Every structure is written in structure tokens, then in C-alpha cells.
Asks: 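Please find one structure pasted underneath; my questions will follow.
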Amino acid sequence: EASVSFIWVDAKSPETTAYPYDLRYFVKANVSYSPGKSWTIEGILSARDGVLYLPVESAEFQDGLAVYQPTYAMKSLRRPAYYSLGLSLSKIFVVSDGLAVIAFASLNNLTDHPNVRNYSYAPDYSSKVPNLFSQRTGYVGVVLNF
């Protein structure tokens with residue numbers, strides 16, 4: 001079983017030229033395979049355009065507040081594109097007529113792609129570093145169905 005969805009979002013906001021939800025593409029794909037009645041293997045892909053943001057062009061020191069005040073660019077830029085590939089495995093164990101246990105294991109962002117959430121700036125705005133979404137993440141668990 002497989003499914004693919006493609007979304008294009010032409011979002012605008014009168015308050016800003018960098019509306020973050022203006023995406024040229026957003027793709028979600030899912031492939032699922034059941035090698036037996038109680039096993040399921042699934043692959044999940046998410047890929048989307050980087051969100052828009054207004055970069056800092058310069059900063060001016062404000063004596064009265066003792067801080068730097070940033071000046072933002074008039075033209076927006078895009079953060080790097082988001083990409084994540086996941087893999088999951090599950091098995092159903094029927095314990096009795098009224099009880100089933102579903103065991104699962106998942107690995108998200110299998111390729112450990114560094115997806116940028118936003119940026120943090122130095123106090124004087126002279127440099128920035130990316131803040132990332134979760135990188136490779138794995139988890140296991142069980143679900144009781146009764």
C-alpha cells in the first residue's frame with residue numbers, strides 16, 4: 001500500500017513580506033508492507049520547501065538600553081528545505097479474544113538530515129547559528145488493546 005500527497009501553499013500576509021507558511025511544495029509519502037498477517041513495515045517521507053524569514057542586515061547599538069537593535073532586510077530568504085525519512089516496524093500479538101498487544105519500533109529522520117527550525121543570533125547580531133528540529137530519533141513501545 002502506498003500514498004503520496006503534494007501540497008502547494010500560496011499564503012500571503014499584509015503585515016509581512018516573509019510569511020512562513022508560503023510553501024512552493026510540501027510532499028508526504030507513505031509506503032506500507034505487511035509480510036504476514038501480524039507484521040507491518042512502513043516508510044514515511046516528508047519534504048517541504050524552507051520557510052521564509054527576514055534576515056538581519058545590520059544592528060545598531062542603543063545606548064539607553066545597552067543592547068543592539070537589529071535592522072531586517074526588506075527581501076525575505078528561505079531557510080534550507082526540510083527533509084525527513086522514517087521507518088517503522090510493528091507486530092500484533094493476540095493474547096486472547098479481548099486482549100491484543102501491538103509492539104512497535106520507529107526511527108525518524110533516518111538520514112540524520114539537519115533540518116533548520118530557526119536561527120539564534122549573537123548579542124550583536126554579527127553571526128547566527130541554526131536551531132535544528134530533532135535529528136535522528138528512535139523509539140519503541142507497546143499498545144494494549146482490550
Side-chain angles (χ1 to χ4, degrees), residues 1-59 65 67-146:
E1 187 175 311
S3 67
V4 176
S5 62
F6 178 85
I7 302 164
W8 169 60
V9 181
D10 187 20
K12 304 287 184 223
S13 170
E15 293 85 31
T16 180
T17 59
Y19 197 62
Y21 304 108
D22 185 20
L23 301 174
R24 296 174 291 195
Y25 68 92
F26 193 137
V27 178
K28 290 201 70 123
N30 170 312
V31 176
S32 180
Y33 173 67
S34 295
K37 289 186 177 185
S38 62
W39 286 94
T40 302
I41 302 167
E42 185 175 32
I44 304 109
L45 168 75
S46 293
R48 68 164 168 74
D49 203 6
V51 297
L52 291 168
Y53 77 103
L54 289 173
V56 173
E57 278 190 335
S58 62
L65 298 172
V67 296
Y68 284 86
Q69 178 180 353
T71 301
Y72 295 94
M74 296 300 292
K75 186 174 181 344
S76 57
L77 296 178
R78 286 198 182 270
R79 292 185 186 124
Y82 178 93
Y83 172 81
S84 182
L85 179 64
L87 183 64
S88 67
L89 176 67
S90 63
K91 179 168 175 45
I92 299 173
F93 299 94
V94 178
V95 179
S96 67
D97 286 342
L99 177 63
V101 176
I102 304 167
F104 62 90
S106 292
L107 189 57
N108 294 329
N109 198 0
L110 189 64
T111 60
D112 207 21
H113 187 78
N115 293 305
V116 177
R117 177 188 304 267
N118 55 32
Y119 295 105
S120 290
Y121 290 86
D124 64 355
Y125 293 90
S126 61
S127 63
K128 68 180 179 185
V129 293
N131 297 321
L132 303 178
F133 284 100
S134 297
Q135 288 185 263
R136 188 179 298 129
T137 307
Y139 55 95
V140 296
V142 295
V143 176
L144 301 176
N145 188 1
F146 54 94

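Residues take their numbers from the sequence shown, with the count starting at 1. None of the values given here were measured: they were computed from a predicted structure. Heavy-atom basis, side chains included; hydrogens, waters and symmetry copies ignored.
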Asks: List the steps, then state whether side-chain contact (heavy atoms from CB on, under 4.5 Å) holds for I44 with L85.
Replies: CA-CA 6 Å; I44 304 109; L85 179 64; over 6 Å; no

Asks: Give a yes-or-no answer on whether the side chains of T137 and N108 include a donor-acceptor pair shorter than 3.5 Å.
Replies: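 Checked: T137/N108 side chains show no N/O donor-acceptor pair below 3.5 Å.
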
Asks: Do V116 and F133 touch side chain to side chain, with heavy atoms closer than 4.5 Å?
Replies: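 Side-chain contact under 4.5 Å: no.
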
Asks: Look up atom CD1 in I7 and atom CZ in F26, then write down how far apart they are to the nearest 0.5 Å.
Replies: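 Spacing of CD1 (I7) from CZ (F26) equals 6.0 Å.
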
Asks: Please answer whether the main-chain N or O of Y25 pairs with a side-chain N or O of D49 as donor and acceptor at a distance below 3.5 Å.
Replies: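 Such a contact is absent between D49 side chain and Y25 backbone.
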
Asks: Roughly how far apart are S46 OG and H113 NE2, rounded to 0.5 Å?
Replies: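 One finds 12.0 Å between OG of S46 and NE2 of H113.
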
Asks: NZ of K128: more than 12 outside heavy atoms within 6.0 angstrom?
Replies: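 It does: K128 NZ has more than 12 such atoms within range.
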
Asks: Hey, does the side chain of N131 reach the backbone of R117 with a donor-acceptor pair shorter than 3.5 angstrom?
Replies: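 Absent.
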
Asks: Check D22 against V9 and note the closest heavy-atom contact, atom names and distance.
Replies: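 Nearest heavy atoms, D22 then V9: OD1-O, 3.0 Å.
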
Asks: Check this for me: F6, atom CZ, are more than 12 non-hydrogen atoms of other residues, nucleotides or ligands nearer than 6.0 Å?
Replies: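 Counting other residues, nucleotides and ligands, CZ of F6 exceeds 12 neighbours.
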
Asks: Are any side-chain N or O atoms of R79 and backbone N or O atoms of V51, one a donor and one an acceptor, separated by less than 3.5 Å?
Replies: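 Absent.
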
Asks: I need the minimum non-hydrogen distance between N109 and S134, along with the two atoms involved.
Replies: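 Taking N109 first and S134 second, the nearest heavy atoms are ND2-O, 3.6 Å.
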
Asks: Shortest non-hydrogen contact from A81 to N115?
Replies: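 In this case the closest contact between A81 and N115 is O-OD1, 3.8 Å.
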
Asks: To the nearest 0.5 Å, what is the distance between CG (N30) and OG (S88)?
Replies: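 With rounding to 0.5 Å, CG (N30) is 8.5 Å from OG (S88).
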
Asks: Quick one: are L77 and L52 in side-chain contact, heavy atoms under 4.5 Å?
Replies: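 No. Closest side-chain heavy atoms not under 4.5 Å.
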
Asks: Let me confirm one number: the CG-CG distance from L144 to L99, rounded to the nearest 0.5 Å.
Replies: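 Rounded to the nearest 0.5 Å, the CG-CG separation comes to 6.5 Å.
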
Asks: Hey, what's the ring geometry for Y53 with Y119, parallel, tilted or perpendicular (30° and 60° as the breaks)?
Replies: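 Ring orientation of Y53 relative to Y119: tilted.
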
Asks: Does a side-chain heavy-atom distance below 4.5 Å link V142 with F104?
Replies: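 Side chain of V142 against side chain of F104, heavy atoms only: no contact under 4.5 Å found.
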
Asks: What's the separation between atom OG in S84 and atom CG in D112, rounded to the nearest 0.5 Å?
Replies: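 Reported to 0.5 Å precision, the distance equals 10.0 Å.
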
Asks: Are the side chains of Y83 and T111 in contact, using a 4.5 Å heavy-atom criterion?
Replies: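 The answer is yes; the side chains approach within 4.5 Å.
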
Asks: Working to the nearest 0.5 angstrom, can you tell me the gap between E57 CD and K75 NZ?
Replies: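 If we round to the nearest 0.5 Å, E57:CD and K75:NZ are 12.0 Å apart.
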
Asks: Do P70 and Y68 have side chains that get closer than 4.5 Å, going by heavy atoms?
Replies: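 No. Closest side-chain heavy atoms not under 4.5 Å.
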
Asks: Determine, stepwise, if the pair L107 / R136 fulfils side-chain contact (heavy atoms from CB on, under 4.5 Å).
Replies: CA-CA 7 Å; L107 189 57; R136 188 179 298 129; 3.7 Å; yes

Asks: So which atom in W39 and which in L89 form the shortest heavy-atom distance, rounded to 0.1 Å?
Replies: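 Shortest heavy-atom separation between W39 and L89 comes out as CE3-CD1, 3.6 Å.
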
Asks: Looking only at non-hydrogen atoms, find the nearest pair between L54 and A73 and report the distance.
Replies: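 Reported closest heavy-atom pair: CD2-O, 3.4 Å.
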
Asks: side-chain hydrogen bond (donor to acceptor under 3.5 Å, both in side chains) between S38 and K91: does it pass, once the steps are laid out?
Replies: CA-CA 5 Å; S38 62; K91 179 168 175 45; 2.8 Å; yes

Asks: So, for G50 and L23, which heavy atoms are closest and what is the spacing to 0.1 Å?
Replies: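 Minimum heavy-atom contact is O-CD2, 4.4 Å.
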
